[in-house]
Each structure stands twice: as structure tokens, then as C-alpha cells.
Amino acid sequence: MRLRTILLRTILLMTLAFAGAHFESAAALAQEPQTQAAAETPIVDTPSDQAAKELEKAKVQLGSLQDSVKQNADNDDALVGIAAKADELSRAVITISVNLRPRFDQIKNRLGEIGDAPKDGQPPEAEIVTQERNALAAERAQINAVTGDAENLSIAVTKLVNEIIEMRRRLFADTLFRRTEISVSVLDDAAGAFVREVSEFSQALSSWAAFVWKFKRFPLFAAIFLSLASALILLSGSYRLFGAYLRRDEAVENPSYIGRLSIAFWSTLIRTLALAVLLVTSFFFLNSFNVLRPDIAPVIGALFGTIGLVYFVGRFVNAIFAPREPRWRLVKLSNLGARSIGYCLLAMAVVNGLDYLFGTVSEAMGSPLVLTVVRSLIAALIIGVILIAASFGKPILARSGDPDAPGRHWPRGMAIILRVVGAGLIVTALSGYVGLARFVATQLIITGAVVATMYVGLLSGKAISRQESFGDTFFARFLTRRFNLGPVAIDQVGLLVGLAIYAVALLVGIPLILLLWGFHVQDLQLIAYRLFTEVKLGGISISLLGICTGILLFAGVYLLTRWLQRWLDGNVMARSHVDLGVRNSVKTGIGYLGVGIAAIIGVSAAGIDLSSFALVASALSVGIGFGLQNIVSNFVSGLILLVERPFKVGDHVVSGTAEGIVKRISVRATEIETFRKQSIIVPNSELINGLVGNWTHRNKIGRSEIPVSVSYDADPQKVMDILLELTAKVPLVMRNPEPHVEFLRFGPYSLDFELRFFLADMGDSMTVRNNLRIEILQRFKAEGIEIPLPQSDLTIHREAPAAIANEGRDVRPSSADGAAGDDEHRVRQLRGRTAEASLKS
């Protein structure tokens, strides 16, 4: 019994265990898809999470930039690159913060819709609402935290940029004001270093030339060919466009001032740019084809720079001073003075260029610093001596005006300036401040030439844009022949050309001057980027590029609107024979809609936030309510006229004292042309609020009348028959309704009739009435029907002579032969005052 009980219990336990295992496995199988689904479901980052990750990357990048600044504290070129990267990082951080603003606004609006959590004693809200509020509040707090981190990071980046600027300023000052001891031993060391440098450079140059000729011959010729082709393309195109301004016409005896200016500016600019393109492309292709070795490439670049500098100064001297062509000279110098000043400037340019070239060779060969110092000392001394020697010359044109005559001395102030600057260069160089003297000497030559060329360009633009000056130029004559332009249009083109010359002079000259004064290309790129993308005026940020884009988009949409208007009017509505008024209304409506859309697109593309104009709009609404109400009233009335169309273009209307044909319905007023071809501008509000008669509102059918009067001797029925007969012969008169004649009245001296008939087009009424009057007059004469004239009877009452004398003391009868003669004379003298006239029917 006990054994059986134990067996039963064992079987029961095994069954329960098996069932439990089965249920556990089933549950596990049921949960496994959910677990896999949960594992496979990707976790999507919120905008704040993505922004936080980007900020972490930005922080790492900032740390790397800070380390680079510490490592390159003495390298100006490296600091320029780091500053550019820091500026990009700053814009990226600002972009992160700006991108979070839409999500923050969405959260704020949604929390406003949900409302605050219920307070104690209020009914509880749904759990899902509470969860949503909590999630939104948490995300908002995260966005605030990320925005705060972005602001702190932006401040740190700005601080780094300012630190780089300060370091570069300090490096520049240290370089200029670094003092070197000048002694005999220094000169000896420099001489020895120079001999070694010449030997090493000769070997390096010969080995490179042999290598290039043996292995890089084809790339060398290809680079030279491509660079020459580029320069020739620019030069040939320039000659085609500005050929008249690149050559001086020897046949011109007395060239105009504007001609001299134009040739001086364009010949210097175009030819220098052509040479610059040749040199830059040559260096680019030589470097790209691996023709240049690392030690030779800087030397070739310095050589090209020296050639460009000397050529530019030579072109400038020839353009301004014209040593061999005094009639083209822009300054009042003698021939000898022009040549001497030109030679001095060219010599200083050669000295500067050679100093720069030899300095690059020293860097490439690893020569000692003492050689660079001595070489710059010699260059500064030579330039100082040239300036002092030039101050004692006599370059000013003689008082007689003969350029071949001996000139006069410099003005006292100019001579003193030249001597002070030359002596200052010499003293500064000998005192050991060779870098400062060298920098000043370079700026005197190159910056002076660039500024002078810019000034000539500005003078050329001013002269060309002067009224009635552009018409005498070759380009103006070409435009006149090619496009048949009148004097006014040519004068306007001259103004645009003058502005274009201003722009060319400034856009070419200012970057060159900035580069000469220590700026790098990256600096100019950064300045240009900030100028075109972010100009801050107080708290307002303006993007010039965005504004230009907005203007272009506005112009594009506006032109598209005009094209659509013409296409609909000429191809759709004209072919469908749509009424002229409907066509005008559709065109005007499309025009208003297109201009509105163009304005919205342009403003949006310019990056202008329309919400910032809310305060201005509220202020304008007050002004509209008071001062602009008439304008707004006319505008709204114009829209009503276009939509409701109580009259349209081409209708014959009568409004007050104005009667004529509607020619145009604009936003503010409607133009009505009278039959005397006078245009009357009527405000739209008057047409909406006043009485307007429209002869052609629904159609052009209208009734016309001709009044006719005949004598009492005529037969009325015959008159009516004649009038109807004549009217029936006119093809323009409608037969339904048929014409008829009204016997109006018995007049004082005539029988009055009125011929009434309908015309399909009231525009023909005047012609029809005129022809009918002629036919009626001729027919009445043929039928013996008289058209009476007004009749009157004059009754004269005689009075005593004494009474007449009392009423008209100035009457003096010429004779007393008869009472009738006296009466006629008195009547004529008293002008009817003694006569009583009455009209009798």
C-alpha cells in the first residue's frame, strides 16, 4: 500500500515537472520573438542627442586646434590656417544651436497645447498625457543644456581666434622691430656665406636643369605651352574688348584727358594681368607635372614674382609718366624729369625684387640669417640713396609748357618728404632695424604703384561717368552703331561703365594692398565670406549674398510673371476671343499675384525673418488708419473693380464730368480717355462710391437720337416717313429693335421730332449721326421741307423827347427833320433801354 502510494506520488511529480518544463519552454518561445523584435528595433536619436554628439566632436576639434596654436606660436602661416579652421568650427557650433531652435519651438507650442499638470483637488488627467508632458519637458531641458554648451563652446572658439590674432600681431611687430647688430664681422660673415650660397645654388640649379632636360622634357614643354596659351587667350580677348584703350594712337595730336586716363589704366591693368596669368599658370603647370623640385620650386616662384613686380612698375611708369610721348603724359613733368623719375622707380623695383629673390634662394639653400640681414641692409640703403638723389632733381614742367625745356625743382614740401623718407630708411637700416627699413622700402614702391594705379582708375571712371563725356569714346561709338542708341541711352551707359571701372579698380587694388601689408589669402577669403554672408548691424545680421540671391530670385519670378501674362493674353485668351476687359483683368491679377509671390520668395531667400517686422507692421497699421487710408481705399477699390468688373478696359463710361473710354485699371486709379484724347485719372474709390454710367456694360448695343425740327407748314407724316426711309439705308443701324420717330412737341416756332435707332456698337454712333444729318438736310431741301429759324417781333414805344433826354443825357440828335429819324437814333444810342421787346409765338 505504501509502495503504491510512493509510486503514484512519484508519477504525479514527474508529470507536474514535465508540464512545468513544457510551459516554461512555451513561454520562452513566446517571449523570444518579442526580445528579438526589441533587439532589432533601432534606437532613433532625438535632435538634441545628435546635437550633443556633434558638440562632443567640436570640443575634441577645439582641443586639437588649441594644441596646434601652442606648437606653432612662431609660425604665421600655420596660425593663418588654424584661424581659418577655428572660424569654420565657430560657424558649425552656431549652426548646431540654430538647428535646435525649430524643435524647441515645437516643444514649447505642444506644451502650451497640453497645459499644466492638474493641481490638487482637480480631476486627474490621462496617463498618456502625463507621460507626453514629462517627455517633452525632459527634451526641452536637454535642448537648453545643449544650447548652453554650444554657447560656451562658441565663446571658447572666439577666444581662441582672438588669441591667434594677438599672436600674429605680436609676431608681425617682433619681425619689424627686431634689431640686429651691424659690424664689420657681420659683413665678413655675410660675404663668406654669400660665396658658399652661390656655389651651392649653382650646383643645385645645374643638376635640376640636367634632370629636367633628360627626364622631364615633355612635361616642361607642355607646361610652357599651356601657360602661354592661357596668357594669349586673356591677352587676345582683352585686345578685342579693350584694344582701343591698350594702344596710343600716334596720329592723335592732342588726346583728351579721358582718353589719356583710360589708356593709362587699362594698359597697365590688362597687360599686367596677362603676364600674371602667364607666370601663375606656368608655375602651376610646372609644379603639377612634377617638373620642379622642392628646393627649386620656391626659387622659381620668387623669380616669377620678381618679374611680375618689375613689369608692373615698368607699365605703371610708362602709363603715368610717358617718358617718350609727352602728349599722353598724365602729370606735368618735363621729358627729362619723366625719364629720371621713371628710372628711379624702376631701379627701386629691381632692388626690391632682387632682394626678395635672393632671400628665397637663401631659404632654399639654408643660408645663415646674417646673409639675409646684410642683403636687406644693402637694399634699404640703395633705396634711401635713390630717394635722396631724386629730391634734388628738376622734374617739374617749365612755366613755358615746353616739355623739352629744363624743368623746375620739386615743390618744397615734396622735396623735404623725399629726403626725410630716404634719410629715415638709411638711419633705420644702419641702426639695426633692417626688417623695418626693408618693409617701408617695399611698401613705398609696390603699395605706391598700386595706389597710384587705383587712383588713375577712379579718375577714369569719374571722367567717363561725367555727363556727355562717354559719347566721344570708341566704345560709345560702337554701341551707337551696333544698337542704334540715342544720346540719353549712351549717357546712361557711360554712367554704368564708370561704376564698373570703380568696381574693377577697388576689387583689384584693395586685395593687393592688403596682401602687401601682411594679410594672407586665407584672411582675404575669410573677410570676403563674412562680408557676403554675415554683416552685423547692432543686433541684426545681414547676408549680402542672401540679399543678392533674393534680388535675383525676385527679378526672375517677376520676369516669369511678365512672360506668363503675355503668353496667356496672346496665345490663350486672344485665340479664345475673350473679351478685352476680361483679358485686362486676368493680366492685372496675374501681375499682382506674381509680384507678391516674387516679393515673398525674394525676402525669404534673403534670409529676412518676416516676424521681425511685426512691430513695424503694427506701426504702419496706425499710419494706414490715419494718413494712408485714401491709398488703401483706392487699392481695395481697384481690386474690387478687377474682380466685380462693373466696367472694364474699352468700356464707354460717364463718371461725373468725365466721359470717355476706359484705357487702364491700375491699383490706385483708372485712366479714362475722352473723345478729345485727354487722359483723365480717376481714383478708384470715387468710381466705387459714386455714380458711374457704362454705355457698354453688358454689350455695346446702344440707342442714338437725332432731334429734327421743321416748320408748321410741313406734313408731319411725310417727315416721319423720310426719316425712317433714310435710316433704313444705313447698314449699321439695327433692325431689331427697329428705328422709330417720336413727334415730341409743338415748339414755339417749329414742329419737333426725334429720330431714334439702335446701333450694335456705340462707338459708331457719331459717324452714323453725322452721315444721317447730312442725308436729312439734303432730302429736306429736295422735298421743300423748311427747317425754321427762331423768330421774334420787336415793338418800339415812342416817348417824349424830354423823357428820353432825362434817361440819356449824352444823346445828341444829328438832325430834327423828322420824328422817325430821331426815334431810330435814340434807340441806337440807348441800346434798347427805351425799347420794350417781346417774343410772340
Subject >> Gap separating the CG atom of Leu357 from the CG atom of Leu309, nearest 0.5 angstrom >> reply: 11.5 Å

Subject >> Smallest separation among heavy atoms of Ala347 and Ile386, with atom names >> reply: CB-CD1, 4.0 Å

In a table with atom names and distances, give each donor-acceptor pair under 3.5 Å that connects a side chain of residues 218-227 to protein atoms at least two apart or in another chain.
residue: Ser227; atom: OG; partner: Ala223; partner atom: O; Å: 3.0
residue: Ser227; atom: OG; partner: Ile224; partner atom: O; Å: 2.8
residue: Ser227; atom: OG; partner: Ser282; partner atom: OG; Å: 2.9

Subject >> Pairwise side-chain contact, Ile383 with Asn352, heavy-atom cut-off 4.5 Å (strictly under) >> reply: yes

**OP:** Measure across Pro323 and Arg329 and return the closest heavy-atom pair with its distance rounded to 0.1 Å.
**Re:** O-NH2, 3.4 Å

Original post:
Checking side chain to side chain contact (heavy atoms under 4.5 Å, CB included) for the pair Leu387/Leu444: CA distance, chi angles, key distance, verdict?
Top reply: CA-CA 10 Å; Leu387 290 175; Leu444 283 175; 3.9 Å; yes

Original post:
Could you give all pairs that pass the salt bridge (charged side-chain N to carboxylate O under 4.0 Å, His left out) test and reach residues 361-377, with sequence neighbours left out?
Top reply: Asp355-Arg375

Subject >> Shortest non-hydrogen separation from Thr372 to Ser362 and the atoms involved >> reply: OG1-CB, 4.2 Å

Subject >> CA sep, side-chain torsions, deciding dist, call: Gln203, Glu200, side chain to side chain contact (heavy atoms under 4.5 Å, CB included) >> reply: CA-CA 5 Å; Gln203 293 177 3; Glu200 293 176 359; 5.5 Å; no

Original post:
Of all residues at least two apart in sequence or in a different chain, which pass the ring pair (Phe, Tyr, Trp, His ring centres under 6.0 Å) check with Tyr343?
Top reply: none

Original post:
Of all heavy-atom pairs between Gly509 and Met454, which one has the smallest distance, and what is that distance?
Top reply: CA-SD, 3.4 Å

Original post:
Among all residues two or more places apart in sequence or in another chain, which pass the side chain to side chain contact (heavy atoms under 4.5 Å, CB included) test with Leu330?
Top reply: Arg260, Leu261, Ala264, Ile320, Val456

Original post:
What residue pairs, at least two apart or across chains, pass salt bridge (charged side-chain N to carboxylate O under 4.0 Å, His left out) with a residue in residues 215-226?
Top reply: none

Solution key, residues 488-507 side-chain donor-acceptor pairs under 3.5 Å, sequence neighbours excluded:
residue: Asp491; atom: OD1; partner: Glu468; partner atom: N; Å: 2.9
residue: Tyr502; atom: OH; partner: Lys462; partner atom: N; Å: 3.3

Subject >> Shortest non-hydrogen separation from Leu371 to Ala190 and the atoms involved >> reply: CD1-O, 3.4 Å

For residues 287-303, dump all side-chain donor-acceptor pairs below 3.5 Å to protein atoms at least two apart in sequence or in another chain.
residue: Ser288; atom: OG; partner: Phe284; partner atom: O; Å: 2.7
residue: Arg293; atom: NE; partner: Asp295; partner atom: OD1; Å: 3.1
residue: Arg293; atom: NH1; partner: Ser207; partner atom: OG; Å: 3.4
residue: Arg293; atom: NH2; partner: Ala204; partner atom: O; Å: 3.2
residue: Arg293; atom: NH2; partner: Asp295; partner atom: OD2; Å: 3.1

**OP:** Apply salt bridge (charged side-chain N to carboxylate O under 4.0 Å, His left out) to Glu325 and list each qualifying residue two or more places apart in sequence or on a separate chain.
**Re:** Arg248

Subject >> Qualifying side chain to side chain donor-acceptor pair (under 3.5 Å) pairs, either residue in residues 416-429, two or more places apart >> reply: Ser391-Arg419

Subject >> Summary of ring-ring contact (aromatic ring centres under 6.0 Å, His included) pairs that have at least one residue in residues 303-339, sequence neighbours excluded >> reply: none

Original post:
Roughly how far, to the nearest 0.5 Å, is the CD1 atom of Ile341 from the CG atom of Leu346?
Top reply: 13.5 Å

**OP:** Check whether any side-chain heavy atom of Leu333 lies under 4.5 Å from a side-chain heavy atom of Ile396, and answer yes or no.
**Re:** yes

Original post:
Can you tell me if Thr272 uses its side chain to pair, donor with acceptor, with the backbone of Leu269 under 3.5 Å?
Top reply: no

Original post:
Would you find a donor on one side and an acceptor on the other, under 3.5 Å apart, between the side chain of Thr360 and the backbone of Tyr356?
Top reply: yes

Original post:
What closest approach, in Å, do Ala349 and Val310 show between heavy atoms, and which atom pair accounts for it?
Top reply: O-CG2, 4.1 Å

**OP:** Report the residue from Leu278, Thr281, Ile233 that forms a side-chain contact (heavy atoms from CB on, under 4.5 Å) with Leu228.
**Re:** Leu278

Original post:
Between atom CG of Leu514 and atom OG1 of Thr447, what is the distance when rounded to the nearest 0.5 Å?
Top reply: 10.0 Å

Residues 400-409, side-chain donor-acceptor partners within the protein, below 3.5 Å, at least two apart:
residue: Asp402; atom: OD1; partner: Asp404; partner atom: N; Å: 3.2
residue: Asp404; atom: OD1; partner: Asn335; partner atom: ND2; Å: 2.4
residue: Arg408; atom: NE; partner: Leu397; partner atom: O; Å: 2.9
residue: Arg408; atom: NH2; partner: Leu397; partner atom: O; Å: 2.9

Subject >> OG-CZ distance between Ser206 and Phe201, expressed to the nearest 0.5 angstrom >> reply: 10.0 Å

Subject >> Rounded distance [0.5 Å steps], CE in Met365 versus CG in Leu205 >> reply: 9.0 Å

**OP:** For Leu430, enumerate each residue passing the side chain to side chain contact (heavy atoms under 4.5 Å, CB included) test, keeping only those at least two apart in sequence or located in another chain.
**Re:** Leu377, Leu381, Ile426

Original post:
Atom CD of Glu197 and atom OG of Ser202: how far apart are they, to the nearest 0.5 Å?
Top reply: 10.0 Å

Original post:
Are there more than 12 heavy atoms of other residues, nucleotides or ligands under 6.0 Å from atom CZ of Phe283?
Top reply: yes

